[in-house]
Protein chains: 2
Amino acid sequence: MNSFTEENYLKAIYKLIEQNDEAVSTNAIAKKMNTKAASVTDMLKKLSDKKLIHYQKYQGVTLTAKGEKVALSVIRKHRLWEMFLLEKLDFKWDEVHDVAEQLEHINSDKLIAQIDKFLNYPKFDPHGDPIPDVNGKIQTQKSKSIANFKKNDVLVMTGVVDHSTAFLQYLDKSGLALGNEIKIKEVIEFDRSLQISINKKTTIFISNDVAKNILAITK
Amino acid sequence: MNSFTEENYLKAIYKLIEQNDEAVSTNAIAKKMNTKAASVTDMLKKLSDKKLIHYQKYQGVTLTAKGEKVALSVIRKHRLWEMFLLEKLDFKWDEVHDVAEQLEHINSDKLIAQIDKFLNYPKFDPHGDPIPDVNGKIQTQKSKSIANFKKNDVLVMTGVVDHSTAFLQYLDKSGLALGNEIKIKEVIEFDRSLQISINKKTTIFISNDVAKNILAITK
DNA sequence: AATATTTTTTAGACTAGTCTAAATTTATTT
DNA sequence: AAATAAATTTAGACTAGTCTAAAAAATATT
Ligand SMILES: [Mn+2]
Ligand SMILES: [Mn+2]
Ligand SMILES: [Mn+2]
Ligand SMILES: [Mn+2]
């Protein structure tokens, strides 16, 4: 079996590869893991010995099939637990992450299969991220940041890029939630900020910084 | 905060004190924790430094108020999780322990409060053991092993002493479950084995070894 | 009371994971 | 192409938790 630490490294590497689709650097991992490059190098050696990553000194790392399987399993558990906390235990979407960060390391196939069933096999987590199935297969959404749409586009909010408590609470306060209809009423040329309407009712202004972190698809 | 290991030691010490109501020995802890006496001594020093136990070399240990609080919190979490697995996720009573052993270390007050609420504040776990409340208060049952009752006593099964998979599966097979009515039909003098009826229906024989591990109260 | 046995602690070593500081390699600038 | 800067790795040290073997203390036996 793999330790919590190993699982966290594999998940971090998976997400970094997902972002740029290329081998990830020691420094990138160190930043993501809140640790030092020297510690990362030590861990890379260990993960390489265990055939979980492809690693050659100075060349960055990618995941082996085996390593990717572990990463996807951890992500699956994380997102299912987030969904469970939200749906069954009345957690808010800004409260689920930290607890899921712990629960994702619980080791029991039956447990996670039963949670999945209990939730009726959800496909996306509270932040709109896809939940890998038991074989690691992911159902992708072709959503884009709403900063990429233009005036009069009518959208459905499907996810967020930033998962921080501060950002999620700001969205709550603004009345923005997954599934909401968002219409681009105005794009301010100067700073790319937006005027948008939510569910045909309230109209709000959001900065380009915020817009970039909201994902949606055309309705 | 305390590590998983520290929590497991404190829980073990709590249970050993509960059994005999006296300071527990290094060897007793080593046996319970499946470790060596030397390792225990090291840990006792650490727990003592953290004011979680009263410890003087060669004199055995007891828990401080602080240590007992931690132990009770871990036990509370363990038993609530067992109940959750049984009631909500269709686990059998012989399957819950190992997973709860991991889940008991998840650190989130809200999580455990919500699980408690979700289960409607259960007072006993799937094995009949009391669930400490949020303040560590325990509701005790005055049940005794059925080996201590006599012919024609009518009882209600309230718990088990042995929690092993093998024993619990044997009880399942024999039709013995918490809440069942047990009547002592016959006590065999020679080996203290029993003939008992379950819910006024089936009648079975059980050895004294088994009888000692079944808890009940008079109906 | 002296001796033998058992229990407990200490000493020293090992692994996992982390760190700082120094050395090395790769990338960028001149 | 050389020099400089940045990224990465190595060396050595530290903590948590564990182990074996040896020493010390407590307990039991004669
Ligand atoms: Mn994690
Ligand atoms: Mn999420
Ligand atoms: Mn445990
Ligand atoms: Mn139990």
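Reminder, nothing fancy here: chain letters follow the sequence lines and each chain counts from 1. The structure displayed is predicted, hence computed values, not measured ones.
- Rounded to whole Å, the distance from CD on B:Gln59 to C1' on C:dT9 is 13 Å.
- Within the structure, a side-chain polar atom (N or O) of A:Tyr55 is placed less than 4.0 Å from OP1 or OP2 of D:dT9.
- In terms of phosphate contacts, A:Asn27 brings no side-chain nitrogen or oxygen within less than 4.0 Å of OP1 or OP2 of D:dA6.
- Taking side-chain N and O atoms only, A:Lys57 has no distance below 4.0 Å to OP1 or OP2 of C:dT25.
- No side-chain donor-acceptor contact under 3.5 Å links A:His97 and A:His127.
- Note on A:Lys45: a side-chain N or O is less than 4.0 Å away from OP1 or OP2 of D:dT10.
- If you take CG of A:Leu47 and P of C:dT18, they are 11 Å apart, rounded to a whole angstrom.
- Under 4.0 angstrom from either OP1 or OP2 of C:dT18 there lies no side-chain N or O belonging to A:Thr35.
- In this structure, the nucleotide among C:dC19, C:dT26, D:dC19 sitting nearest to the side chain of B:Ala38 is D:dC19.
- Here the C1' atom of nucleotide D:dT8 and the CE atom of A:Met43 are 17 Å apart, to the nearest Å.
- Whole-Å rounding puts the B:Gln56 CD to D:dA26 C1' distance at 15 Å.
- Between B:Tyr58 and C:dT10 there is no side-chain polar atom (N or O) within less than 4.0 angstrom of OP1 or OP2.
- Taking the six-membered ring where the residue is Trp, B:His105 and B:Phe4 present parallel rings, their angle staying beneath 30° rather than reaching 60°.
- Taking every heavy atom of both residues into account, B:Leu176 and B:Trp93 meet most closely at O-CZ2, 4.1 Å.
- Between A:Tyr9 and C:dA16, a side-chain N or O to OP1/OP2 separation shorter than 4.0 Å is absent.
- Nucleic acid contact for A:Thr41: base, since at least one base atom lies under 4.0 Å from a heavy atom of the residue.
- Between C:dA16 and A:Thr5, no contact under 4.0 Å exists linking OP1 or OP2 to a side-chain N or O.
- Taking atom CG on B:Asp42 and atom C1' on D:dC19, their separation rounds to 10 Å, with Å as the unit.
- Nucleotide D:dA7 holds its P atom 16 Å from the CG atom of A:Leu44, rounded to whole Å.
- Annotation: of the two residues near DNA chain C, B:Ala28 and A:Asn34, the 5′-most nearest-nucleotide partner is B:Ala28.
- A:His163 and A:Asp94 share no donor-acceptor pair across their side chains, judged by distance under 3.5 Å alone.
- For the pair A:Asn8 CG and C:dT18 P, the interatomic distance rounds to 9 Å; values are reported in whole Å.
- What separates NZ of A:Lys36 from P of D:dG12 is a distance of 21 Å, to the nearest Å.
- Using a 4.0 Å heavy-atom criterion, one finds that B:Ser39 contacts the bases of the nucleic acid, with or without backbone contacts as well.
- Counting only residues at least two apart or in different chains, ring-ring contact (aromatic ring centres under 6.0 Å, His included) contacts with residues 17-72 of chain B are absent.
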